[in-house]
Amino acid sequence: MSAFALLHLVLHALVPLAVARLAYRDGWKRAWLLMLAGWLIDVDHLLADPVYSPDERCSLGFHPLHTAPAVGVYALLLAPRRSRVVAIGLLIHIALDGLDCLRMGSGCCG
């Protein structure tokens with residue numbers, strides 16, 4: 001695994017932590033855990049071969065839960081207060097995956 005792939009994984013934990021600490025000062029631990037639930041969308045990687053290809057494949061547009069319609073649903077989840085923190089975690093996850101795609105030079109959407 002490359003250093004970039006490792007950094008990508010670490011950022012998937014640290015960025016939600018930073019957002020939780022800044023935006024949810026009193027309940028940051030709960031908010032962080034809910035944002036980390038955004039990682040659950042990576043279950044769609046199980047449909048790919050190889051399952052994990054951090055330096056060769058852009059997730060956006062390739063995996064079903066990383067497509068524009070899915071991101072639209074994640075954005076809609078921002079509206080209800082009850083799903084907002086999870087939605088933030090999902091959108092952070094997608095943004096970080098998008099940055100990784102840009103790093104690989106594969107654009108943003110497949």
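Both backbone and side-chain heavy atoms feed into the values below; hydrogens, waters and symmetry mates do not.
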Closest non-hydrogen atom pair between Thr67 and Pro64, with its separation: OG1-O, 2.9 Å
Contact summary for Leu60 and Gly98, nearest pair of heavy atoms: CD1-CA, 3.4 Å
Do Asp42 and His63 meet the criterion of a side-chain donor-acceptor pair at a distance under 3.5 Å? no
Taking the side chain as everything from C-beta on, heavy atoms only, tell me whether Val86 gets closer than 4.5 Å to Leu77. no
Contact between His66 and Cys58 at the side-chain level, heavy atoms closer than 4.5 Å - yes or no? no
Could you pull out all donor-acceptor pairs under 3.5 Å where a side-chain atom in residues 20-41 meets a protein atom, sequence neighbours excluded?
{"unit_1": "Trp32", "atom_1": "NE1", "unit_2": "Ala13", "atom_2": "O", "d": "3.0"}

Pairs meeting criterion side chain to side chain donor-acceptor pair (under 3.5 Å) with involvement of residues 72-87, two or more places apart: none
Should [X] and [Y] be counted in the same cluster of Ile, Leu, Val, Met, Phe, Trp and Tyr side chains packed under 4.5 Å apart?
{"X": "Ile94", "Y": "Leu47", "result": "no"}
{"X": "Val43", "Y": "Leu90", "result": "yes"}
{"X": "Leu91", "Y": "Leu99", "result": "yes"}

For His8, what residues pass the ring-ring contact (aromatic ring centres under 6.0 Å, His included) criterion, not counting sequence neighbours? His12
Does the Asp44 side chain pair with the main chain of Leu65, one donor and one acceptor, at a distance under 3.5 Å? yes
